[in-house]
Number of protein chains: 2
Amino acid sequence: MRADAQKNYSHLLAVARGIVTDRGTEVSMRDIARRADVGLATLLRHFPTREALFEALMRTDLDALTQMAGELEATAAPAEALLSWFTEWLAFAQAHKGAVTLMAEAHTNPGSALYASCAAVHLASAHLLAQAQAAGVARHDMTGDDLFGLMSALGWLVDLPSFAPRAEHLSQIIASAILTPGAGAEMR
Amino acid sequence: MRADAQKNYSHLLAVARGIVTDRGTEVSMRDIARRADVGLATLLRHFPTREALFEALMRTDLDALTQMAGELEATAAPAEALLSWFTEWLAFAQAHKGAVTLMAEAHTNPGSALYASCAAVHLASAHLLAQAQAAGVARHDMTGDDLFGLMSALGWLVDLPSFAPRAEHLSQIIASAILTPGAGAEMR
DNA sequence: ACCTGAACACCGTTCAAGT
DNA sequence: ACCTGAACACCGTTCAAGT
């Protein structure tokens with residue numbers, strides 16, 4: 001990348017981060033370009049779509065999130081790992097309002113800039129679920145898809161200001177539906 | 001209302017119903033007006049906002065839904081009433097794609113055309129939950145708000161084509177989190 | 001009373017022309 | 001290589017002018 005392009009790229013990302021933080025996720029691409037003192041076409045040249053921009057904005061946190069899944073899988077007990085994973089996911093969702101909606105729409109669309117991230121989260125979740133199921137602490141009539149769905153639904157919900165305060169509690173309710181009550185005790 | 005206005009109103013509603021059914025919930029007001037061979041301003045005179053239009057489109061089904069809650073409360077056992085309520089809600093959500101998102105956004109906004117409907121669903125849900133809690137078949141650490149939240153999250157989720165096939169199953173998972181396992185047995 | 005075209009201030013997409 | 005103004009086809013809002 002040419003030096004001026006590199007500079008534009010970083011500048012746009014920084015401006016976008018700032019403007020999204022204090023004006024929300026719905027800002028128009030035009031506004032971001034305007035704030036960055038750059039033509040709209042320039043912004044779109046670096047980030048051809050809104051998803052591409054958000055993917056770049058969240059990449060660091062997304063990587064940290066999926067890496068955390070691996071650590072939990074390796075170090076924590078299966079049930080605790082799943083619970084902690086819910087907490088991590090929720091923290092991510094609350095740090096990036098609107099991200100869950102974008103991801104839920106992108107997760108079946110391989111052309112989306114967010115597709116790979118969705119797949120990574122999906123895969124990490126499925127692993128943690130499988131581990132919990134193998135240990136007999138999670139219900140067996142559930143797939144990784146179901147888990148990703150419930151996580152998405154929860155993430156969407158806590159984006160609504162009226163439900164944000166109940167986030168932790170709602171998360172526990174859903175988690176309790178997944179984890180079987182008696183640790184190690186099979187349910188049928 | 002003048003005769004010509006009444007006729008326009010019915011015509012617009014019919015056209016909107018048709019176009020929403022086969023082109024989805026995201027159609028523009030302009031497209032609806034166009035299809036109805038009417039000026040955009042005329043459409044907006046009858047339905048000043050998109051929410052007002054959808055409220056009119058769903059009014060019949062919404063009334064039927066909340067009425068059903070009353071019947072379930074009166075006739076079914078508390079746990080079964082809550083389960084049936086979930087089923088009814090899900091059927092409504094699937095019959096009106098996009099409705100849940102509109103309702104979730106409207107439910108704290110008294111100015112919204114959908115506010116009253118949200119309040120009715122919320123109230124009906126809270127009654128069924130309270131009844132189940134009094135009978136000792138639903139967890140006590142939950143409010144009507146929580147239930148409405150979980151219902152909204154579920155309704156949003158099954159609007160996504162990839163999750164629609166799992167709707168019934170996902171609904172059961174969430175329901176199982178609310179209903180306590182041993183009927184009549186208190187949990188603490 | 002009710003309807004409507006037109007002006008308005010937006011939006012994201014595209015591309016020919018500039019450096 | 002990279003940038004950008006301008007044209008484009010949209011969107012919902014508003015209102016003066018028509019019937």
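Numbers restart at 1 for each chain; the letters A, B, ... are given by sequence-line order, proteins then strands.
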Practice item. Using heavy atoms and a sub-4.0 Å distance, could you list which residues of residues 43-56 of chain A are near DNA chain D? By number, please. Key: R45(A), H46(A)
Review point. Going by atom types alone, do D61(B) and H96(B) pair a side-chain donor with an acceptor below 3.5 Å?
Key: yes
Review point. Among all residues two or more places apart in sequence or in another chain, which pass the salt bridge (Lys or Arg N to Asp or Glu O under 4.0 Å) test with E55(B)?
Key: R59(B)
Check your understanding: S28(A) near the nucleic acid: base, sugar-phosphate alone, or nothing, with a heavy-atom cut-off under 4.0 Å?
Key -> sugar-phosphate
Practice item. Any chance you could measure L128(A), atom CG, to E80(A), atom CD, to the nearest 0.5 Å? Key: 12.0 Å
Check your understanding: Linking I/L/V/M/F/W/Y whenever any side-chain heavy atoms sit under 4.5 Å apart, do Y115(A) and L53(A) land together?
Key -> no
Review point. Considering only heavy atoms, which members of residues 29-36 of chain B lie under 4.0 Å from some atom of DNA chain D?
Key: M29(B), R30(B), D31(B), R34(B)
Practice item. Could you check whether the rings of W156(B) and W156(A) sit parallel, tilted or perpendicular, using 30° and 60° as the cut-offs? Key: parallel
Practice item. Any chance you could encode DNA chain D as dot-bracket? Rule is Watson-Crick or G-U wobble with both distances under 3.5 Å; [ ] for pairs crossing earlier ones, | for another strand. Key: ||.|||||...|||||.||
Exercise for review: Return the orientation label for the H107(B) and H122(B) ring planes: parallel under 30°, perpendicular over 60°, tilted otherwise.
Suggested key: parallel
Point to revise | Contact check, side chains of M103(A) and M151(A), non-hydrogen atoms, under 4.5 Å | key: no
**Study point:** Gap between atom CG of L12(B) and atom CD1 of I19(B) - 0.5 Å precision
**Key:** 11.0 Å
**Study point:** From L154(B) atom CG to L154(A) atom CG, the distance as rounded to the nearest 0.5 Å
**Key:** 12.5 Å
**Study point:** Pair D4(B) + K7(B): basic N to acidic O under 4.0 Å
**Key:** no
**Study point:** Heavy-atom side-chain contact between W85(B) and L129(B) under 4.5 Å
**Key:** no
Review point. When you list every nucleotide of DNA chain C with an atom under 4.0 Å from a heavy atom of chain A, which one comes first 5' to 3', and which comes last?
Key: dC11(C) to dC15(C)
Review point. A5(B) near the nucleic acid: base, sugar-phosphate alone, or nothing, with a heavy-atom cut-off under 4.0 Å?
Key: sugar-phosphate
Practice item. Nearest-nucleotide wise, let me know which of N8(B) and A41(A) is further upstream toward the 5' end of DNA chain C. Key: N8(B)
Practice item. Report yes if the side chains of F148(B) and F163(A) come closer than 4.5 Å at any heavy-atom pair, otherwise no. Key: yes
Exercise for review: Give every residue pair that meets the salt bridge (charged side-chain N to carboxylate O under 4.0 Å, His left out) criterion with at least one member in residues 121-147 of chain A, sequence neighbours excluded.
Suggested key: R139(A)-D141(A), D146(A)-R166(B)
